[in-house]
Number of protein chains: 2
Amino acid sequence: MSESKRLYPIVNADVALFTLDAESRLRVLLIQRANNPAPKGWALPGGLLNPEVDNSLDDTALRVLASKTQVALPHLEQVVTHSGPDRDPRGWSVSTLYYALLPSNQVPAVAGNKTEAIEWADPEKPGHRLGFDHAQMLAKALATLRDKVVRGALPLHLLPPQFTITELQRACEAILGHELDKGAFRRQLKNSVAMEEVPGEFVRGPPRPAQLFRAVPNLPF
Amino acid sequence: MSESKRLYPIVNADVALFTLDAESRLRVLLIQRANNPAPKGWALPGGLLNPEVDNSLDDTALRVLASKTQVALPHLEQVVTHSGPDRDPRGWSVSTLYYALLPSNQVPAVAGNKTEAIEWADPEKPGHRLGFDHAQMLAKALATLRDKVVRGALPLHLLPPQFTITELQRACEAILGHELDKGAFRRQLKNSVAMEEVPGEFVRGPPRPAQLFRAVPNLPF
DNA sequence: GCAATAGTGTCTATTAGACAATATGGG
DNA sequence: CCCATATTGTCTAATAGACACTATTGC
C-alpha cells in the first residue's frame, strides 16, 4: 500500500457549496469529519475519485454533494487544482476544487453517515478552523464567485425558479459583500439575455407587487 | 497493473507554451510524440506527475518545459483540469492544463529525446490534428490568456527584459488577434504599476528612439 | 392617505475609441 | 527636408454611480 502511495497520488474533489439563508446572507457548507484523516476536524466537503463510478471529477464532486444535500443537480464550476506531497496526511494528493450554488428554497443539507456534523457558515468568517488547505480553498472559491458577479454574471442558480429583480440584487449583494445601486443594477439587466419575464406576478405582503423572472434555460452560470 | 489502473488514475500536466515569433505573431509549441500512447501523434507537451521529484503539479509542468526549452523559469499559470476514463488510452486520467509564456528573445525550444519533432504553430490554426483532447485544451488556454489581456493584464513575460511600449502593444495584439488603438493603449499604461521606465533609450533603425521599460519585479502575470 | 417597495428618469464624472497633431531621430 | 515612428492631445459616445422621482399595492 505504501508503494502504491508513492506511485499514484490521491485524487479527490472538494466543494464549496454556497447558498443563501433566510436573511439572504451568503453561507457555505462546512462538515465535521467522522473518519480519518483528521477526524472531528472541520473541512469543506470532499471525496476521493472513484474511477469505477465517476466519469469525471465533476461526477466526483456531484457524488459528494449528493451525499450531503437533497438537491438533484446543483450548479457546479471548477475553481482550481491544488497538489503536493504534504497537503493531505495520507500522502501525495491532487485536489480539484469546485464551487456549487444551491437555490435558497431547496431543502438544506443533511448530515450524512460519514460526517459528525454540518454547518452553514459565513464564508468570510467560518466559525471553525479548517483542516488541510481548505481555508485557502474557501477563500479562492469565494474570490472566484465574486469575480464572476463583478464581471456581470448573474447568480441565478442561487435563486428559486421564479424570482424578482430585487431578490437577484440581494443575491449579488450577498456574494459581493456590499450594497448595489438599484437603478444601475436594473439598467444592466436590460442588456441581459440570461433571464426573462414571467407573465405571472408577485403579490406578497404590503408592498407593490413585483414582476417575476426566470432563468433562460441552458445558459452558463 | 490493470488493477492499479482502476484504483488510481493517471495524473499528468500539459502545457500550452506561447511565445512570439520574429514577426511578433503568437505561436504555441506542439510536439510530435515518439512514445506510446499515440506515437507520431501531435499534441501539447505534457508529462506524468512523478511524486518522488515533484512537489506540485506546477513542478511537473516545469519539468516538462525544462525538457523542451532552455528557459529557466517561464511564467506558468494553471488553466483547468480535465478528467475522465476515455480521454487517454492508458486509462482513467486527470490532466491539469497550464499555459506558459516564453520571452521572445529566448532560445527557442529544442527537440528532446522523447519527441520526434517540434513545431511552433499558430494557436488558432495549428497545422496538425492534435491527439487526446488537446485541441480543446489549446483553445481553452488561448481563451484564458486572451481573457487576462482583455481584463488589463500585461503579457510582460512574452517580452525581453527591456522593451518599448510599441513592442508591448504588438504582444497584446498578437494575443488578441486584432489591432489596438495606440492612444488608448498608452493611456491605460499610465495607470499601471506593473512596469517602469528605464533611463536608457532605444536607437535602432531610422525611426525616432523609444523609451525602454522593464517589468516591476515580483508581480503576477 | 400612508407605508413600503417596484420601477423609471436624470445628472455627472469617468472612460474607451477614434483620430488628429506634434516631436524626434536617421538619411 | 523627408520618412517613419514615438508621444501627446482632443473630441465624442457610452457607461457607471449617485440620487431623485413616480407608480402601485395593502392597510
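Every chain is numbered from 1 and lettered A, B, ... according to where its sequence line falls, protein lines coming before strand lines. Not measured: the values here are computed from a predicted model.
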*Mind checking what makes salt bridge (Lys or Arg N to Asp or Glu O under 4.0 Å) contact with E124(B), not counting sequence neighbours?*
R146(B)
*Using the ring pair (Phe, Tyr, Trp, His ring centres under 6.0 Å) rule, collect all pairs that involve residues 153-179 of chain B, keeping only residues at least two apart or in two chains.*
H75(B)-H157(B)
*Which pairs pass salt bridge (Lys or Arg N to Asp or Glu O under 4.0 Å) with one or both residues in residues 174-188 of chain A, sequence neighbours excluded?*
none
*Can you pull the side-chain hydrogen bond (donor to acceptor under 3.5 Å, both in side chains) pairs that have at least one residue in residues 209-221 of chain B, sequence neighbours excluded?*
E196(B)-R214(B)
*Hey, is the side chain of R208(B) pairing donor to acceptor with the base of dA23(C) inside 3.5 Å?*
yes
*asked:* Measure CZ/F202(A) against C1'/dG26(D) and give the value in whole Å, please.
replied: 15 Å
_Let's see if you get this right: which residues in residues 158-190 of chain A place a heavy atom under 4.0 Å from DNA chain D?_
D181(A), G183(A), R187(A), Q188(A)
*Check salt bridge (Lys or Arg N to Asp or Glu O under 4.0 Å) between R33(B) and all other residues, then give those that pass, not counting sequence neighbours.*
none
